[in-house]
Amino acid sequence: MSLFTTTYDVIVVGGGHAGSEAAAASANMGAHTLLITMNLQNIAQMSCNPAMGGIAKGQIVREIDALGGYSGIVTDKTAIQFKMLNKSKGPAMWSPRAQSDRMQFAECWRNMLEQTENLDFYQDSVNGLIFDGNKIIGVKTNLGLEIKAKTVIVTAGTFLNGLIHIGEKTFGGGRAGEGASTGITEDLVEKGFESGRMKTGTPPRVDGRSLDYSQMTEQPGDENPEKFSYLPITSVLKEQRSCYLTYTNQTTHDLLREGFDRSPMFNGRIKSTGPRYCPSVEDKINRFADKERHQVFVEPEGWNTVEIYVNGFSTSLPEDIQDKAIRSIPGFENVKFFRYGYAIEYDYFPPTQLTHSLETKLIENLFFAGQINGTTGYEEAAAQGLMAGVNAALKTQNKEPFILKRSEAYIGVLIDDLITKGTEEPYRMFTSRAEYRTLLRQDNADLRLTPKAYKLGLASQERLDRVEEKKQRTEDTINFLKSLSVKKEEINPILKSKNLASINQSMKLYKIAARPQLSFNDLLSIEKLNNYIQENSINKEIIEQVEIHLKYSGYIEKEKSNADKLNRLENVPIPSNFDYTKVKSLSYEAREKLLKIKPTSISQASRISGVSPSDVSVLLVYMGR
């Protein structure tokens with residue numbers, strides 16, 4: 001099939017985390033898809049830290065996996081360390097994180113994409129978009145090709161007019177060693193899109209052989225590591241590589257300050273906003289001047305490489321300053337640099353210009369995903385890519401868009417936040433952004449999302465069968481606990497060992513097991529329970545589900561009820577052509593924001609900053625409620 005004569009269902013521009021998930025999703029849904037990227041060797045490159053997951057991000061990776069995406073599988077296959085963060089808190093806060101082998105990660109992604117049916121590849125740079133009125137119909141490449149498509153997803157990462165800064169030096173680039181992408185921003189601005197600039201940074205990479213680990217604290221992985229994917233095709237790590245922890249000090253800070261007059265962040269050359277939650281080291285010592293030290297995590301880039309990622313030392317200071325300052329950190333006295341840290345500025349498009357499906361409001365069939373929408377992080381990008389891929393494929397099949405509510409997934413929170421509130425700094429997901437985090441746990445992403453993905457044709461029968469089995473076995477075990485009476489002679493020794501009040505008569509085990517101080521493992525000495533677990537091969541995953549139900553069912557039910565109330569407002573639609581200027585009782589700010597964002601429901605309107613509860617009441621009255 002010739003590129004000159006084929007009209008693709010979906011063209012994905014850019015092969016980063018968003019582009020890779022987008023291409024996989026649309027192709028797996030039967031759409032004839034073309035992935036165009038500047039360098040096929042760099043598909044799903046980990047441009048920054050060699051890790052996936054973390055607080056709230058780990059939940060997103062599990063959601064991507066539950067929906068049939070590839071990020072969880074690739075992470076499991078290439079992980080060098082696994083940790084479940086926040087284990088000391090309640091299960092709503094547990095967040096999986098894995099260090100990955102950077103080279104294996106990109107290779108594994110490429111192999112999985114190459115084995116995906118309906119997916120073609122082409123190496124070139126897209127420098128223009130082809131429109132027919134307010135519809136997109138294809139792309140133009142650097143080599144002068146015009147490739148036609150029914151839908152286009154732009155996932156350009158940090159490449160749109162990318163500018164790299166190191167000290168007083170500035171040069172065009174989308175990533176170290178790779179050129180920037182030009183032309184797309186200009187075409188979109190001409191069509192009436194609003195664009196802005198954002199900044200992100202990356203730390204130096206150094207030679208691990210030149211570090212003295214004896215001066216650092218070892219950070220091993222979990223003793224009993226878990227994994228991301230719900231599928232049995234990946235397995236838990238048998239062996240792990242440690243990370244290490246060290247700290248900056250007052251000398252480091254003084255040496256860094258020497259370069260402030262030559263810093264692009266402080267001398268005005270970088271005007272755009274950087275990520276608040278992942279600041280550069282110069283930003284940290286400037287904003288938190290009272291802090292005597294900052295953490296530096298020493299993270300290996302893979303199994304068989306000596307390259308080290310210096311997490312916590314992101315910087316765009318001049319090379320000589322980076323060199324001097326890093327040597328004052330314990331363990332780094334004789335460090336050898338592989339590459340210096342740098343900052344990068346790039347174009348983004350405020351995401352209030354999108355609908356919930358990630359299609360642009362101005363141009364039909366054009367979708368945006370990833371850093372072009374003002375987000376930061378591989379996980380946020382991959383989630384948007386998957387959703388844009390699904391919705392582009394659905395558009396070509398003349399089907400309704402697939403939209404996740406805030407009560408259904410962190411991915412729903414992410415997209416709703418972006419298109420309803422917009423963002424003026426790189427957006428990062430946190431558990432605190434989700435009002436239903438007890439419902440949106442990392443352990444139940446499959447129960448929440450796989451049935452939906454199966455209906456779309458994105459999740460396999462095998463995935464659905466596993467979910468049904470997990471659900472059934474959890475219910476059966478809970479019912480067994482409700483039916484099993486335990487004698488005081490059996491349970492009191494266990495209660496005593498935990499300094500808990502004894503019981504005077506036989507009691508259902510379900511009631512006793514709900515005590516917060518008791519873990520399920522404490523009860524396994526009860527013969528009937530132990531026999532049930534053994535005979536029915538009840539695994540760790542089911543036990544975790546049962547335990548969460550025992551301890552948190554009250555909270556979960558309350559949150560479900562709150563979500564149901566709010567979802568009723570989701571069902572009060574606002575017509576797309578609704579004229580807010582006629583509603584005189586609305587505040588001036590609310591009217592301005594509503595006209596700009598054009599919410600599709602009362603619930604979305606209520607989340608726009610500047611729209612007060614009284615404005616929502618006015619709208620409800622107006623809509624006949």
Side-chain angles (χ1 to χ4, degrees), residues 18 56 60 63 193-196 198 273 276 348-362 366-377 380-381 383-384 386-388 391 401-437 439-440 562-563 565-578 580 583 586-620 622-623:
I60 288 176
E63 289 180 353
F193 281 88
E194 180 194 337
S195 79
M198 275 191 181
T273 320
R276 176 192 301 257
Y348 86 105
F349 288 81
T352 48
Q353 300 172 98
L354 303 173
T355 66
H356 273 98
S357 69
L358 298 180
E359 186 177 12
T360 66
K361 292 174 184 173
L362 279 175
L366 173 63
F367 296 77
F368 290 168
Q371 280 171 292
I372 190 171
N373 291 336
T375 57
T376 173
E380 290 89 342
Q384 293 169 71
L386 179 123
M387 295 300 281
N391 283 313
F402 175 59
I403 290 157
L404 290 168
K405 297 190 180 96
R406 294 180 75 90
S407 56
E408 290 175 327
Y410 271 92
I411 296 173
V413 176
L414 166 70
I415 292 172
D416 187 64
D417 273 0
L418 289 173
I419 72 159
T420 303
K421 298 172 183 169
T423 187
E424 281 160 21
E425 60 185 49
Y427 176 102
R428 180 177 176 181
M429 180 50 77
F430 289 104
T431 45
S432 57
R433 294 193 193 272
E435 57 272 53
Y436 304 116
R437 51 189 173 274
L439 302 180
L440 310 181
N562 288 343
K565 280 178 196 163
L566 204 76
N567 284 338
R568 285 183 214 124
L569 289 183
E570 283 295 353
N571 298 329
V572 182
I574 301 176
S576 56
N577 58 352
F578 185 76
Y580 294 98
V583 189
L586 285 173
S587 69
Y588 178 78
E589 186 185 2
R591 193 176 299 125
E592 198 178 290
K593 297 276 179 71
L594 291 162
L595 281 165
K596 183 182 178 186
I597 288 162
K598 295 190 170 66
T600 56
S601 70
I602 294 284
S603 178
Q604 189 194 350
S606 72
R607 294 190 293 273
I608 297 170
S609 81
V611 176
S612 70
S614 61
D615 292 318
V616 173
S617 301
V618 168
L619 286 174
L620 278 168
Y622 220 83
M623 297 292 159

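Scanning both residues, G374 and T423, for their nearest heavy atoms gives O-CG2, 3.6 Å. What you find for A369 and A18 is that their closest heavy atoms are O-CB, 3.9 Å. Across K361 and L354, no two heavy atoms sit closer than the pair CE-O, 3.2 Å. Nearest heavy-atom pair across I60 and A383 is CG2-CB, 3.7 Å.
With hydrogens and angles ignored, the 3.5 Å screen pairs a side-chain donor or acceptor of R591 with a backbone N or O of V583. One N or O on the side chain of S612 and one on the backbone of D615 form a donor-acceptor pair closer than 3.5 Å.
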Quiz item: Under the side-chain hydrogen bond (donor to acceptor under 3.5 Å, both in side chains) criterion, do T355 and S357 qualify, and how do the steps go?
Solution: CA-CA 5 Å; T355 66; S357 69; 2.9 Å; yes
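Distance CG/L440 to OG1/T431: 10.5 Å, rounded to 0.5 Å.
Residues that satisfy the ring-ring contact (aromatic ring centres under 6.0 Å, His included) test with F578, not counting sequence neighbours, are Y580, Y622. A search for salt bridge (charged side-chain N to carboxylate O under 4.0 Å, His left out) contacts involving E435 returns R406, not counting sequence neighbours. For E592, there are no salt bridge (charged side-chain N to carboxylate O under 4.0 Å, His left out) partners, not counting sequence neighbours. Checked against salt bridge (charged side-chain N to carboxylate O under 4.0 Å, His left out), E194 has no partners two or more places apart in sequence or in another chain. With sequence neighbours excluded, the residues that form a side chain to side chain contact (heavy atoms under 4.5 Å, CB included) with T352 are P350, K596, I597.
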Would you tabulate the side-chain donor-acceptor contacts of residues 407-414 under 3.5 Å, counting partners in other chains and residues two or more places apart, or write 'none'?
unit_1	atom_1	unit_2	atom_2	d
S407	OG	N567	ND2	3.4
E408	OE1	K405	N	2.8
E408	OE2	K452	NZ	3.0

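Aromatic rings from Y348 and Y427 are positioned such that their centres are separated by 6.0 Å or more.
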